[in-house]
Amino acid sequence: MEYNHKTVEAKWQKHWYENKRFSVTEDKSKKKYYSLVEFPYPSGAGMHVGHIRAYASLEIVSRKRRMEGYNVLFPIGFDAFGLPTENYAIKNNIHPRQVTDQNIKTFTNQLQRTGFSFDFDRVVDTTDEKYYRWTQWIFVQLFNKGLAFRDTTYVNYCPSCKVVLSNEDSQGGKCDRCETPVVQKEKDVWFLKITDYAERLLQGLKELDTLPRIRIEQENWIGKSTGAHVDFKVKDTDESLMVYTTRPDTLYGATFMVIAPEHKLLVKYHDRIKNMKDIHDYQDAAKLKTEFERVELQKDKTGVKIDGLVAINPVTNKEIPIFVADYVMIGYGTGAIMAVPGHDSRDYEFATKFGCDIVEVIKGGDIEKEAYTDTAEGELVNSDILNGLSVKEAKVTIAEYLEAQGIGKKATNYKMKDWAFNRQRYWGEPIPIVHCDKCGMVALDEKDLPLVLPEMEDFEPGEDGQSPLANVPEFVNTTCPTCGGPAKRETDTMPQWAGSSWYFLRYCDPHNNEELASLENLKYWMQVDWYNGGMEHVTRHVIYSRFWHQFLFDIGAVPTEEPYKKRTAQGMILGEDGDKMSKSKGNVVNPLEIIEEFGADTLRVFTLFIGDYEQSTPWNPSGVKGAKRFLDKLARLAEKVSDKPNDEYQTTLHKTIKAVDEDIENVKFNTAIAKLMSLVNELSKATHIFKEDYEKVLKLVNPFAPHITEELWESLGHTEDMVFASWPKYDPTKLVESTIEIVVSINGKVRDKISINIDMSKEEVLTLAKSTEKIQAQIAGKEIRKEIYVPKKLVNIVV
RNA sequence: GCCAGUAUGGCGGAAUUGGUAGACGCGUUGGAUUCAAAAUCCAAUGGCUUUACGGUCGUGCCGGUUCGACUCCGGCUACUGGUACCA
């Protein structure tokens, strides 16, 4: 019998959602479990099968946890501010609000058609003013603690989107969204001082249960390094030029210095510098270079020697030249370096081009040819007090020496930069700050939040990177909350990362109008027990949200320092052609089409069966029917159900219960399903199936295919639905077989198989093994040198 | 460049405290059922070789350890992701 997936699935979806089977309350009598998936950006294209797969993992876990007796919070929401919606709205002359509402409707429908057990009473929408009121509130707290500030910098600017981009949004010199080459533009922008939390963000990773590659990616992003600050006297001035170096032990090899084009030394001593015009020209040229060009041109070092200023190496006391070059960045360390060309390939290249001295200070290479950089270990030479020491010893000695002389001390640096927190577009949270001539920048009072986005007709961005909000005088012109005088509102909006940095907190108390979420609810639900999302969000989103969470912890708004206990990341489903799914390539698979033809259960099973969950894998359209056949077979087993127990398949059944349980916990959904398929194959060969056993099977399959299993469960006479039925346990005594088959090999090559009793001794097994016809033929006339018996596995005879 | 991951049949992928390589699924071939088809069921399915029994080769490449290596060690190659003048 084949079941009709359309009627069955519609029936159970109606039952679940109308009866709010997945809506939870803070029931303190039960253990809680909080499973979190990254909420989607509700694009106009709707979901693709990748979304289904991303959510399916914790959908399985959540349904399993419910059956295990947990009170499960499994929420969903929409990260709905953003450029695609705004661009679509402009193009089609519709308000982004309307577009967003429509897209959310589409997504919700798709999610429900797939049978996801989300708590739809807790849906959050970042563009809802009841939500972004609290996003703004958090910003105000950050601002009041000095963690939100404005600074003039050169920023990445996309001339097409007409927005300023963070470094993260403009990788490879191209706009993340539209691929237009990015240009540099001077602008006053908002920053969040995430660097203040760098060390804590790094330390907090120790507590996080995650794969090494996920942890390492975050560690690299934070980029901690340790070394020293060293002062280099500038000759004939009181000035010291401070550098940061991770290799103070190579100080004797520092034969010149390089400062970034933006370095303030150039301003302070401009009248002493004789070639100031050359330097100005160089600075101007550097400004024009985009990040992309800097990277592309990295092989060709450029720079200008400062004529009029000379530094002194503090340990050799030699005069060394100072250069300006854009391979030194103003934003990292002190914006100045000591160049050790003998042991740094960048410095080597620069020294060769500009004719600087190259001194070997660590033995082992040939600095005539190239920089010797394999210097994690080695022996110091040409280094006076360090001569003969190992690198390790030299680091200690020089550090003590520098401190004693007062010319340097240990220092730590982080690659991570402050978070550029702004966007010059309409469809984002307005930044709740007022600019007053008298009082400066003033945050809005809590009672004046939310600062609502004004209704507008025209969302075209202003010229010159201005936000469209600047075109609305009613919005811009206001009064100062402090002095009451005339003032102007900030017109930038927040970046997309804002709303997603705390949404998991709102789920704990989504309708609270007094605070972002009550401490009581947060204490019950937090931390998130398991958070699954994309590998691409491991650095930015996860770090940004951890930063906000640590800050909220510091001001007492949340009860835990870290938000997440465990983090996993799913692999992508690629198009049939092996490329990333994208509209432009035309290889997107629409889940609704699969649901129509094969059913939601089939789609769910197949997206998890297709490959290892944490690995990317191409979509295989013909494979879908395999999942469908499995479910049809499972349904057909109902015909064999009987009240009589059956011993035929007990070992397989209990082994499968154990394995499926473990596989789900270990994110091995593909093998869990494979083992269920094997079990169903075996059961379909059995003479009959004991009813209780069939129920166990249905429970195991239920998290993967909830509709059909509910239907079959009901057909067995159950009136309570399966959602809270108990998860099956295996019986350890049934895992052991009395008779097993083992392999007999000669010199490691399999020659025969024998059936043995589980408690036969080694001697008995070996005797039996040697007695078979095939083995006799193999060992006849040969000398047996060694006999190996691996209990329950194999016998190996060496001849 | 650096960091991480991956490499197994026609395809997606299983199997690592070293112990039957290819579970499970797709596809293919043959058969049953059918007026026929779809669906379903049964069987076979890594290469070469053999009528068959069997033999032999085989987990990206080269070498090593071991009774035994997809698994461990040394040396490469290719692809994917992240990151990048980070001092």
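What you see is a predicted model, and the numbers here were worked out from it, not measured in a lab. Here is the naming used below: chain letters follow the sequence lines, and residue numbers restart at 1 for every chain.
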Legend entry - Base partner of B:rU28, which must satisfy Watson-Crick or wobble distances under 3.5 Å: B:rA44
Inset, instruction - Considering only atom C1', compute the distance from B:rU49 to B:rC42 and round it to an integer number of Å. - result: 29 Å
Legend entry - Residues that A:Lys625 engages under salt bridge (Lys or Arg N to Asp or Glu O under 4.0 Å), provided they are two or more places apart: none
Legend entry - B:rC57 OP1/OP2 closer than 4.0 Å to side-chain N/O of A:Lys749: yes
Inset, instruction - Answer yes or no: does a side-chain N or O of A:Thr617 lie under 4.0 Å from OP1 or OP2 of B:rG13? - result: yes
Inset, instruction - State whether A:Lys786 places a side-chain N or O below 4.0 Å from either non-bridging phosphate oxygen (OP1 or OP2) of B:rC67. - result: yes
Legend entry - Toward the 5' end of RNA chain B, by each residue's nearest nucleotide, A:Ile788 or A:Gly223: A:Ile788
Inset, instruction - Have a look at A:Thr334 and say if it touches a base, only the backbone sugar-phosphate, or nothing, with a 4.0 Å heavy-atom cut-off. - result: nothing
Legend entry - Proximity to the side chain of A:Phe609 - top-ranked nucleotide from B:rC86, B:rC24, B:rG68: B:rC24
Inset, instruction - Using a heavy-atom cut-off of under 4.0 Å over every strand shown, decide if A:Gln615 touches base, sugar-phosphate, or nothing. - result: sugar-phosphate
Inset, instruction - For A:Asp344, report the nucleic acid contact type (base, sugar-phosphate, nothing); a contact means any heavy atom under 4.0 Å. - result: nothing
Legend entry - Test item: A:Arg546 side-chain N/O and A:Leu201 main-chain N/O as donor-acceptor pair under 3.5 Å: yes
Inset, instruction - Using a 4.0 Å heavy-atom cut-off across all strands, classify A:Met535 as base, sugar-phosphate, or nothing. - result: nothing
Inset, instruction - Using a cut-off of strictly less than 4.0 Å, decide whether A:Tyr332 has a side-chain nitrogen or oxygen near OP1 or OP2 of B:rA87. - result: yes
Inset, instruction - Would you indicate which nucleotide in B:rA14, B:rA87, B:rC26 comes nearest to any side-chain atom of A:Asn620? - result: B:rC26
Inset, instruction - Could you check whether A:Asn670 gets within reach of a base, just the sugar-phosphate, or nothing at all, counting any heavy atom under 4.0 Å? - result: sugar-phosphate
Legend entry - A:Thr539 and A:Asn220, any side-chain heavy atoms less than 4.5 Å apart: no
Inset, instruction - Name the nucleic acid region contacted by A:Asp612, choosing base, sugar-phosphate or nothing; use a 4.0 angstrom heavy-atom cut-off, strictly under. - result: sugar-phosphate
Inset, instruction - Confirm from the modelled atom types if A:Lys301 and B:rC85 form a donor-acceptor pair under 3.5 Å, side chain to base only. - result: yes
Inset, instruction - Looking at every strand, decide which applies to A:Ile216 at a 4.0 Å heavy-atom threshold: base, sugar-phosphate, or nothing. - result: sugar-phosphate
Inset, instruction - Indicate whether OP1 or OP2 belonging to B:rA23 is found under 4.0 Å from a side-chain N or O atom of A:Asn681. - result: no
Inset, instruction - Select base, sugar-phosphate, or nothing to describe what A:Lys793 touches, counting heavy atoms under 4.0 Å on all strands. - result: sugar-phosphate
Inset, instruction - Quick one: label A:Lys224 by what it contacts on the DNA or RNA (base, sugar-phosphate, nothing), any heavy atom closer than 4.0 Å. - result: nothing
Inset, instruction - Have a look at A:Val743 and say if it touches a base, only the backbone sugar-phosphate, or nothing, with a 4.0 Å heavy-atom cut-off. - result: base
Inset, instruction - Check whether the side chains of A:Tyr282 and A:Asp326 place a donor and an acceptor atom closer than 3.5 Å, and report yes or no. - result: yes
Inset, instruction - For the residue pair A:Lys410 and A:Leu402, establish whether any side-chain heavy-atom pair is separated by less than 4.5 Å. - result: no
Inset, instruction - Determine the contact category for A:Arg629: base if any of its heavy atoms lies under 4.0 Å from a base atom, sugar-phosphate if only primed atoms, P, OP1 or OP2 are that close, otherwise nothing. - result: sugar-phosphate
Legend entry - B:rU56 phosphate, OP1 or OP2, under 4.0 Å from A:Arg751 side-chain N/O: yes
Inset, instruction - Consider only side-chain N and O atoms of A:Ser225 and A:Tyr332, and report whether a donor and an acceptor are under 3.5 Å apart. - result: yes
